[in-house]
Every structure is written in C-alpha cells, then in structure tokens.
Number of protein chains: 2
Amino acid sequence: MSKRFDLQLPSRRQEGPTTVVTIADVARHAGVAPSTVSYVLSGKRSISGDTRERVQASVRALGYRPNASARALASNRSNVLALVIPLRTGMHVPVLMQFATSVVTTARRYDHDVLLLTADEGPSGLERVAQSALVDALVVMDVELHDERVPVLRELPMPSVLIGFPAEAEGLTCIDLDFVNAGAECVDHLTDLGHRSIALLGTPSAVYERQTGFAHRTLAGFRSAAERRGVTGIETPCENTFEAVLETVGQLLDEHPDLTGMVVQNEPIIGPLLDVLRRLGRRVPEDMSLMAICADDVAERQVPQLSSVAIPADEIGQQAVESLIAKLEGHEVPALTLFPPRLTPRASTCAAP
Amino acid sequence: MSKRFDLQLPSRRQEGPTTVVTIADVARHAGVAPSTVSYVLSGKRSISGDTRERVQASVRALGYRPNASARALASNRSNVLALVIPLRTGMHVPVLMQFATSVVTTARRYDHDVLLLTADEGPSGLERVAQSALVDALVVMDVELHDERVPVLRELPMPSVLIGFPAEAEGLTCIDLDFVNAGAECVDHLTDLGHRSIALLGTPSAVYERQTGFAHRTLAGFRSAAERRGVTGIETPCENTFEAVLETVGQLLDEHPDLTGMVVQNEPIIGPLLDVLRRLGRRVPEDMSLMAICADDVAERQVPQLSSVAIPADEIGQQAVESLIAKLEGHEVPALTLFPPRLTPRASTCAAP
DNA sequence: GTGAAAGCGCTAACAC
DNA sequence: GTGTTAGCGCTTTCAC
C-alpha cells in the first residue's frame, strides 16, 4: 500500500538529511559561546538583554530543542518522575487514572515528564529505573500496609512519595486522604441523624486481604466511631458484581432488620446497590440512609444524589508531585500529609425512621 | 518528626559517599577494556566465554547498572516509547487503561519503558518529546477521524503507531478492532435470530461529535448491515447517567414498539440499561435481545450474561508495540492492522418473539 | 577476540 | 557579562 503513494512524498525528501540542531549551532548562529546559550535557556546566570534576545532569536530561527539525554547526562537530572501504578484486582480504575492524570499535569507544570510503571516488573522495576538514572524520583500509588516496595524505596538513592501509606512509614513521605476520619465522619453524620445501626459495605475482600491502606483505615475509623457513638457498626466486604451486591445486602437486611444506615466504599457497586435496595423494597433515604466514599461527580450522578465523602484525587496527585519537586530541590517536606475528609450531605441521607 | 529518628539511621551513613558504579569500574574490576564490557552487555560482537564470564561476574559483584542517559546519548536511542492518552469526556477509562497496561507490559518485554502523555499539552507535546529525543517512538490512542495530532505525527522524525485510525491514514501505521464489522456482526447475529427492528445504543454524543473513529465506524457498519439485511436500524447516542438511559430507552420503546433487538456500545451504561429494561417490563432475552460491544469480562459479569463482540485491548496494545519495535529496527509493517471482531453468543439474545 | 580513543550534546566550573 | 573547556558515562569506529 505504501508504494502506491511514493510519488506523493517528494516534499519530505527535499528537506535533505535532517541534521539535528545542537547548542553549538545556536551559539554560532547567535555569535556567542555554547555556554551562553545554555545559560540563557536555564537562567542560571545573568545575561545582558541584548545577548539574551539574540540567542532566543537563534533558538527560534533554527528550531532548537535541547537533547534530553545530553542534558540529563551532564546535569545528572533526567527531569522524569516514575509513576508506579500496580493495577491490582478490586481497585477502581477511574479513580487511579484521576490520580495519574493529576500527577502528569502537575509534573508538566514543573517541567517534568512521567514514566509509567505497572506492577508486573515487581519491586525490582523501581530499582531498575532509579539505578539507571532513568528517573529522578518516584510517585508510588496503591500502597499496602506491608508493601514489598517500601523497603526498596528506603534504600533507593532518590526521593519518593507514596500516595497512601504503609504500617511502617518511618523515613518515607506519604500523602493521602484521611480515611480513618472519612470512615468516622460517615458514622457521625448518620448517628447525628438518629441512626443506631449502620453497615459499611466495603471493597472486595481481596483488597482487605492485601491490607490495602485506605480500606483498612476506613474500616478502623468506622469501627471506632461506631463504638464511640454507641451505635451498632456492621462491616462487610463486597465483590464487584450484581449478584454479590444482591446477596450481601440481602443477608445484611436479614440479619440486621434494624439497619437504617449504610456507608459504601466501592465505586463500581454504587449503581447496583441502589438498584438492589429498590428491589428489596427499601426506599433511599426514607427507609435506608446511604452514604458513599467516592468522587463527587459519581455521587452526584446517582438517583437520588448521594451524601458522600469526596476522594480529592486531583489535590492528592498534585501535592505528591509538589512534595517530590521540593525534595529534589533539597527542601524538607512533612513526612505525612493527610487531607481532611470533606463530607457533602445530599439527598440520600435523612433522619432515621 | 524526622529528627526523632536521627539516631536510628547511622547504618545508612556508614555506607559512605555512594559513588555510582560506571562501566570503567567494571572494566577495571574484570581486567578488560570498557568497550569489552559494553560488548558483553549488548552482545554486538563475539566475546570469548572466559572474558564474558569475568565481565558478568564483575557486573554482579559491583551491582553495575548502565546509565540510561549516557547510553541514550551515545547510541541515539532512549529505549523509551511515548504513550499518548487524551482522557477525553465520554471515554470509558478502564478500557483505555487496559490498552495502556498492555502497552507497558509489551514494551518491557522489548526492553523499553513508557512515557505517559495526556491531552492537555496538546499536539505540541508530541513534538516536544520527539524532538528532544526523550522517546524513540510514539503510541497514540483515542484517535479522531480528523485528529489534530495526525499532521504532527507525519512530520515527526520518528515512527509512531495509532490505536484507532483517522479519516486520512495515508503514511501512518494504524491498529484497531474492525469496528465496521463489529457493528455489522451484531446486526447479522440479531437478524439471524429473526429480529426485524434493531437499535444501536451508542456512546455519549460528544464522542460522535468529535468524530471518534471507533464510534463512527461501528455506526457505519451497523447502518449498512441493517440495510443489507433489510431490517430497521435505529441509532441513538446515550449519555452515561441512569436518567439518560431511562429516558433514551423509554423513548426508543415508545417510538418503536416493534423493537426486539438492541446493541449497546457504551460500557458504563450496561448495568443501568439492564435495570431500565427490567423496570419497563422487558425481559432479556425473552422480550428484548441485547448485545454489547465490550470486554468479555464485562459481558460475563452481567445478569443475564451478554452476547457480545469483544474489544481485544490486550492484543491491540501488544500489536501496537510490536509494530513500533519493528519500525525502529527498520522493518516494514502493514499500514493498517484490523483485528476481526469476535462475537460470543451468550444468554442475552434469543429468537425474536 | 580485544583495546584505544573519539565523540554523542550538554552543563558547570573556571577563567577573564 | 561572556568565553573556554573539562567532563557526564556510554557506544562504536578503527586498529591490531
């Protein structure tokens, strides 16, 4: 097929051997030394207005782009951050992707790019990109309480930031939503409305079994708040299928006929859950008050709109990158940054019947 | 907080100034020239078994990792691929992420890493990473019929592969599911079962308005197959909310009381759609046969399990990387690779009433 | 089969 | 305020 078009492509050939424009070319064109070009570009020393403009004009005229490898080799900085996303079973992908997008966007604002690492290379993948100096620093997502990547991170000769945090966070920089208080605030909100028996419908059990930080801590907050407020707190994981929701909720209502409040921390089952409650004859919120821990847009898209605690993925991703940049510049950053939960009451919760 | 632990960290200090191990160190340790080490590692010339083993032993003993920037600078190859994912409204993120995962995994198999680019830098982001030699090649996802990135790709001094394909694909390498035939096969399957009036419930209208390739081509295949088979084909976009599904389907059933077959190409509304049909008193498949164009696991997770045409994201992502690697090695690759649709009948379709 | 040495394109002392 | 130059760590001729 490509042969058919050969005759239409002479214009690309005419450009001749496309030699790459180097800093030396720019220097020659502007009549200055290569280092001067470098300094104009980096702003690392003061340059006379006249020189600066001549150089900038030459850069534009020649279409100069600094070679990333040469720059990295000479400056010992690749200007690339690693983003480690293990796509584990049970995790809700859109939320992870919201973190990722935020990380990329923020990184670009600080003139960095993002290298994507997934799980299947294991912890040694972190060593590889770090020790080969492919990246300057790492953002690590979806951290488990006893994460095998954590000891690796500790030994790495470069800064890293965790989104989420492990049991043993000493010496690490961690950023997360305060899930303990998120769980607690849900209990408080429902208890304030007079509910005395509240269930937490959680993530798939695999997520708890891995001791994933956020699920674990939400549970802890839920449990202790229920105790503190003297209400019954029921906890159950839930798989991401319609049947699982049907069965889990059915059993919940059977065993706890006095249940009037639910907290769901499992985005993909929110739709099915509302459907199941309807089928089982429980109106939301008249018979059952429902809260979600999820992104605001998800909560608002439901019928009725759900009272929720938001997951501020954008802010967390941004904060992660900004902490990393600060560390790269030699600044101290807090070992732990917890974003306070933000609860928005909507139509899915009301006073207990 | 970090001060509290100062006393516990002497072991890290004791290691002294952690100088980086270079190829010269390895050469010295093994008693050979640096170039020999390089050749042992690259396999680009034959080395005596004895020398090879001494070098490999030294590499292990010193924990040597080649510096990526130095290697890239000298060899003119960064061994990094760019993955361009514009996260546009209406796209189903888990599917995109499945492509991305497959790209990363395959890239690693060919000893490459993946740099993540999102939309917000625009087409100039492609120029930036290409012209700075940050990457060797690009994988571009979510291609529109008239995509502004396409002219940029044509002028770039490096290979690229599109997942999806634009209206004017000349000179480009494109890989995709054959969505035209996917749409047609759905119509054929339903028509073979005796259905005479079939609706396509599509993606949000924004996706069509952008002229996104896959949605556009599915529609074309659906339309021409309906014509060819002499059945009524009804087409409607659908937003990703429960209300939209309720309204769209309600209207569809009102206006086309003879409708007995539906094709849905919009993953997030599959659950709500089944719910809506139930509410409106249509049993699946007895009253309404339903087909989906979606990942197999999504189809199998529904109740009833859905007859579907699969989106082979893993294979497509893998093929994209393999084509790119081939191009990097100077091989010719097909301008267009279309994966044939694979239709699996399940419980959601049966003979027309 | 192996070594010596010339770059790759840039940054950052060090000069003046 | 600007120029000179010595590397950064590796690959790859060229020479033997």
Side-chain angles (χ1 to χ4, degrees), chain A residues 17-56 58-59 62-80 111 130-136 157 328, chain B residues 17-56 58-59 62-80 111 130-134 136 157:
Chain A
T18 314
T19 58
V20 177
V21 180
T22 73
I23 199 170
D25 298 326
V26 176
R28 214 171 299 125
H29 187 273
V32 299
S35 60
T36 300
V37 177
S38 175
Y39 285 121
V40 168
L41 261 34
S42 70
K44 287 191 181 173
R45 78 180 181 192
S46 57
I47 301 281
S48 74
D50 175 52
T51 308
R52 179 177 24 261
E53 287 182 8
R54 275 214 323 289
V55 169
Q56 284 166 342
S58 299
V59 165
L62 302 182
Y64 170 68
R65 293 270 191 177
N67 179 296
S69 315
R71 186 173 259 188
L73 180 57
S75 67
N76 205 22
R77 273 271 195 288
S78 67
N79 272 32
V80 175
D111 198 32
Q131 294 175 358
S132 67
L134 232 188
V135 305
D136 294 333
L328 282 171
Chain B
T18 313
T19 58
V20 176
V21 179
T22 72
I23 199 170
D25 298 324
V26 176
R28 214 170 301 124
H29 187 273
V32 298
S35 58
T36 299
V37 176
S38 175
Y39 284 121
V40 167
L41 260 34
S42 70
K44 287 190 180 172
R45 81 179 179 193
S46 57
I47 301 281
S48 75
D50 175 52
T51 308
R52 177 172 30 257
E53 286 180 8
R54 275 214 322 289
V55 169
Q56 285 166 343
S58 299
V59 165
L62 303 181
Y64 170 67
R65 293 271 191 178
N67 179 296
S69 314
R71 187 172 256 190
L73 180 58
S75 67
N76 204 25
R77 274 271 198 286
S78 65
N79 272 31
V80 175
D111 199 32
Q131 293 174 359
S132 66
L134 232 188
D136 294 334

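Chain letters run A, B, ... following the sequence lines, proteins first and then strands; every chain starts at 1.
- A 4.5 Å side-chain heavy-atom check between Val40(A) and Gln56(A) finds at least one atom pair inside the cut-off.
- Residues Val80(A) and Leu134(A) form no side-chain contact, since every pair of their non-hydrogen atoms from C-beta on lies 4.5 Å or further apart.
- Ser48(B) and Thr51(B) share a donor-acceptor pair across their side chains, judged by distance under 3.5 Å alone.
- In this structure the side chain of Tyr64(B) reaches within 4.5 angstrom of the side chain of Ile23(B), judged on heavy atoms.
- Listed by residue number, there are no residues of residues 64-71 of chain B with a heavy-atom contact under 4.0 Å to DNA chain C.
- Note on Ser42(A): every side-chain N or O is 4.0 Å or more away from OP1 and OP2 of dT11(C).
- Here the side chain of Arg65(B) pairs no donor or acceptor atom with the backbone of Gln131(A) at under 3.5 angstrom.
- A heavy-atom distance below 4.5 Å is not found between the side chains of Val55(A) and His29(A).
- Contact annotation: Lys44(A) side-chain N/O to dA12(C) OP1/OP2 distance is under 4.0 Å.
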Interface polar pairs with nucleotides 14-16 of chain C, N/O, under 3.5 angstrom:
{"residue": "dC14(C)", "atom": "N4", "partner": "Arg45(A)", "partner atom": "NH1", "Å": "3.4"}

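- The main-chain N or O of Ser38(B) is found under 3.5 Å from a side-chain atom of Ser42(B) such that the two form a donor-acceptor pair.
- Straight-line distance from the CD atom of Gln131(B) to the C1' atom of dG9(C): 16 Å, rounded to whole Å.
- With contacts defined as side-chain heavy-atom distances shorter than 4.5 Å, the pair Leu41(A)/Pro66(A) qualifies.
- Between the side chain of Ser35(B) and the base of dA4(C), a donor-acceptor pair under 3.5 Å is found.
- No side-chain heavy atom of Arg52(A) sits less than 4.5 Å from a side-chain heavy atom of Ser46(A).
- Of the possible polar contacts, none joining the Asp136(B) side chain to the Arg77(B) backbone as a donor-acceptor pair under 3.5 Å is found.
- Close approach of DNA chain D to chain B, defined as any atom under 4.0 Å from a non-hydrogen atom of the protein, starts and stops at dG9(D) to dC14(D).
- Using a 4.5 Å cut-off on side-chain heavy atoms (C-beta onward), Asn67(B) and Val20(B) make no contact.
- The 5' end of DNA chain C is approached more closely, in terms of each residue's nearest nucleotide, by Asp50(B) than by the other of Leu73(B) and Asp50(B).
- Nearest-nucleotide mapping onto DNA chain C: of Thr22(A) and Gly49(B), the residue sitting toward the 5' end is Gly49(B).
- Nucleotide dG9(C) holds its P atom 16 Å from the CG atom of Leu134(B), rounded to whole Å.
- Here the C1' atom of nucleotide dC8(C) and the CG atom of Asn79(B) are 16 Å apart, to the nearest Å.
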